[in-house]
4 protein chains.
Amino acid sequence: MAVAEPESTRRRRAPRADAIRNQEAIVEAATKVLAEQGTAVDVREIARLSGVGMGTLYRHFPKKEDLVKTVLRQDFTKWAESARLAAIDAEDPWAALTDFFWQALTGYARHRAIVENFALTWSDPDLEGIQQLRLVIERLCDGAKGVLRPGVTTDDLLLLLVSLGHAVQVTDDCRPQMWHRLLHISLDGLRADHREPLPARHSTGTWSPRSRTPSSGCRETR
Amino acid sequence: MAVAEPESTRRRRAPRADAIRNQEAIVEAATKVLAEQGTAVDVREIARLSGVGMGTLYRHFPKKEDLVKTVLRQDFTKWAESARLAAIDAEDPWAALTDFFWQALTGYARHRAIVENFALTWSDPDLEGIQQLRLVIERLCDGAKGVLRPGVTTDDLLLLLVSLGHAVQVTDDCRPQMWHRLLHISLDGLRADHREPLPARHSTGTWSPRSRTPSSGCRETR
Amino acid sequence: MAVAEPESTRRRRAPRADAIRNQEAIVEAATKVLAEQGTAVDVREIARLSGVGMGTLYRHFPKKEDLVKTVLRQDFTKWAESARLAAIDAEDPWAALTDFFWQALTGYARHRAIVENFALTWSDPDLEGIQQLRLVIERLCDGAKGVLRPGVTTDDLLLLLVSLGHAVQVTDDCRPQMWHRLLHISLDGLRADHREPLPARHSTGTWSPRSRTPSSGCRETR
Amino acid sequence: MAVAEPESTRRRRAPRADAIRNQEAIVEAATKVLAEQGTAVDVREIARLSGVGMGTLYRHFPKKEDLVKTVLRQDFTKWAESARLAAIDAEDPWAALTDFFWQALTGYARHRAIVENFALTWSDPDLEGIQQLRLVIERLCDGAKGVLRPGVTTDDLLLLLVSLGHAVQVTDDCRPQMWHRLLHISLDGLRADHREPLPARHSTGTWSPRSRTPSSGCRETR
DNA sequence: TATGAATGAGCATTCATTCAT
DNA sequence: AATGAATGAATGCTCATTCAT
């Protein structure tokens, strides 16, 4: 029943069937190698794996960084979404939080490039990756107000995720489930029955155990 | 002409005075740049900074990796020692643990190469680095038996350290003290008042929140 | 539905309407960018600017060089024509010559591709570009017999044009009018009051100042 | 008689015999290919021709541009010097000027990279190449005050050189001596017997033959 | 036939490692 | 033994030309 095709259709000869296929192949291949080897991979490897020439790859992604960012954005989104879904039908707010972490750490923490870049996404506005997760966490955090220790912020949970994500990666090869225990411990520390306030958020008067002055660290010259 | 070589000859031909000095200079320089820039540094930079030629550097350390390992071994040791000392005159076992973590995270967590390689030291037998810390933690762990949640192992604490170390590094630039809160939370989760057992250590029957089957992670194809 | 194709079909299948339009668009676009950026431009740029696809462009001009030559041929013609017209209503033969140079240097000397390729057109029979100018100059030369120094040939004037064209381009950015003086000087050198004969045209017995043997040049090995 | 070697000698283990040889080989090879093919040559070609690896080439010249500039500087200097020497024992100031141009145009005008870059050296302070020639010309210009048309500047002569250099290059393949005539003409135009003043140096009130407004040039949109 | 996506050789540059001095 | 010059494979990226749709 479609009446005369909208103008745009006439102009933009839709069919980029193969182009789309290629783009997808590139992203797929990139996702794979970035997950496995991190952002240091040779672009040629991605091209080879996706079955396209260098030119094609660079037509779709003019800079390696563009491809990396595209993949990361997508994977962060997938990650956030899968973790969100895992939390959605939990019985109670606490279970939702638990399930979220579980899924998040199970799902993507072994993605080299993601873990590599999680750090950077704190500040890089191009990579809203972390924002996706922030949003999910924020909702969980709000929903868990009563069961969460007072003063715990979304950013605390986000950082916890980053932190545990690294633990997952570290132990992935030889102690694949060891992080379960760490998650357990951390979650327990987050419960409402800990009434002791957390150190100030932007502490200038730095909290330290028994006011010990930190000393003899490395890179003091900085 | 040479008369019977004196005993020393049998060993190795004494003149290692400068050789030792060189080796030390190399390691010192490497320590600095590895801490600052991670293992990606150009070997030339190390040679330049230590004032020796490339040849000398490669005589002492045939592969870049050898040098890196040497430095890491040493820095891990220093790290462990400084953290140990920080804990030694604590009032009670719990304070010792607290102080240990505090010092460890304050002191070396910004050492790029260390954090980069902490992961590897789990499995790499060449790098007993982590063992040094293990030893210290083991003692603290034993001493804190009563105040520590039952079932917490040395390895748990070690992994917690790795995990928090990453958090420190991630936030170092923009939120320098944010990890304090995470440490606080984690330590609280470690206390004896949490009587719930931790998930099994080498869980084959994997613990999971409400027996959820982990799904749709990345790199399943592996 | 198409009724029997009219005669034109035998010739070539009439529909060259758009083909011609395309060809024109391509040449127009190419003219612009070649003038602005020289022959190093990316062919894509030309395609984009002319609104046709790469395929179409390459259908009309199988090699980049073909397109360049077409454009140059055309621009040389336009150039020659505009310079001819500038000379046509001069008061006397000398003024005609002067006006010609003036117009030629003002008009096209900043056309990057033209200046770039002026050299080649001496020898390349495909590019009769220079011939167009030759024709014009020849007429001017003939008309100016009396006022021109004896022995000056059309080719001399042609080469002078090439030479000054380069000067125009060189100084275009920072000393836009500096070439005026050079033109003035050269024209004065062309006047009839210089009676000294010019060096032989195809001098084997090379003219040289005081028979100095040229020495130590570059590329002697060639 | 040399007393104790100066300190610097002790430190800087002089012998870079092969390094010097290599550097020379590189420059020599670069000189050759730059003269023949211009600055577009592949760096590999230079490396191959000089018999060194890429790394060696880049050790001596961290950027291609560095090598190019080094070669150009050297060749400009050689060029200026050879032209200066050619002028030095001329009988009179005018002959000096003539000989200078002769030698300059005979010597290096076929050096592709030099001609390519002559233009740029007007503005690029890194390439004092042109300055060398300027200096020589300046002296000749001063010395020829009486025989040179009044108002002729060093820059006029410099531009004439650039301009004629291009003519030499253009005709090198098919009409190798044609530029002799042009030089003759130009020099005649420079003589003192032309008393008509040259157009203003920084003419705002642009000189033009019969005040013709320049029109219909290319690149008007600029 | 027109389109623009695909190709891949080619280019400047880096860096771990080897080797002549 | 020490030096630092030499090596060359590898990397990110470009662009004239071809080809599937």
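So you know, we letter chains A, B, ... as the sequences are listed, proteins then strands, and number each from 1.
Separation of atoms CG (C:Leu34) and CG (C:Asp75) is listed at 8.0 Å; rounding is to 0.5 Å. If you take CZ on C:Arg48 and CD1 on C:Ile46, they are separated by 10.5 Å, rounding to the nearest 0.5 Å. Between A:Leu67 atom CG and A:Lys69 atom NZ the span is 12.5 Å, to the nearest 0.5 Å.
The two residues A:Ala30 and A:Val71 make their nearest non-hydrogen contact at CB-CG2, 3.7 Å. The two residues B:Ala29 and B:Ser50 make their nearest non-hydrogen contact at CB-CB, 3.6 Å.
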N/O donor-acceptor pairs under 3.5 Å from side chains in residues 51-64 of chain C, not counting sequence neighbours:
{"from": "C:His60", "atom 1": "ND1", "to": "C:Gln23", "atom 2": "OE1", "distance (Å)": "2.9"}
{"from": "C:Lys64", "atom 1": "NZ", "to": "C:Thr39", "atom 2": "O", "distance (Å)": "2.9"}
{"from": "C:Lys64", "atom 1": "NZ", "to": "C:Val41", "atom 2": "O", "distance (Å)": "2.9"}

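The nearest heavy atom of DNA chain E to A:Gly53 and to D:Ala40 marks one nucleotide each, and the one closer to the 5' end goes with A:Gly53. Looking at which nucleotide of DNA chain F each of B:Val52 and C:Thr39 is closest to, the 5′-most match is held by B:Val52.
Shown here are the side chain to side chain contact (heavy atoms under 4.5 Å, CB included) partners of B:Gln74, two or more places apart in sequence or in another chain: B:Val27, B:Thr31, B:Lys78. Applying the salt bridge (Lys or Arg N to Asp or Glu O under 4.0 Å) criterion to C:Asp42, with sequence neighbours excluded, gives C:Arg44.
Remark: P of E:dT18 and CG of D:Asp18 are 19 Å apart, rounded to the nearest angstrom. Per the geometry, CE belonging to A:Met54 stands 12 Å off C1' belonging to E:dC11, to the nearest Å. Distance CD (A:Gln23) to P (E:dG4): 16 Å, rounded to an integer number of Å.
Annotation: proximity of residues 55-72 of chain C to DNA chain E (heavy atom, distance under 4.0 Å) is found for C:Gly55, C:Thr56, C:Arg59, numbered in ascending order. Interface residues of residues 42-51 of chain B facing DNA chain E, ordered by number: B:Asp42, B:Val43, B:Arg44; criterion, heavy-atom separation under 4.0 Å.
Heavy atoms from other residues, nucleotides or ligands lying under 6.0 Å from CD of A:Glu65 number 12 at most. Counted within 6.0 Å of CD on D:Glu28, heavy atoms from surrounding residues, nucleotides or ligands total 12 or fewer; the atom is thus considered open.
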With both pairing distances under 3.5 angstrom for Watson-Crick or G-U wobble, and | for a partner in another strand, the correct string for DNA chain E is .||||||||||||||||||||
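Using a 4.5 Å cut-off on side-chain heavy atoms (C-beta onward), C:His111 and C:Glu116 make no contact.
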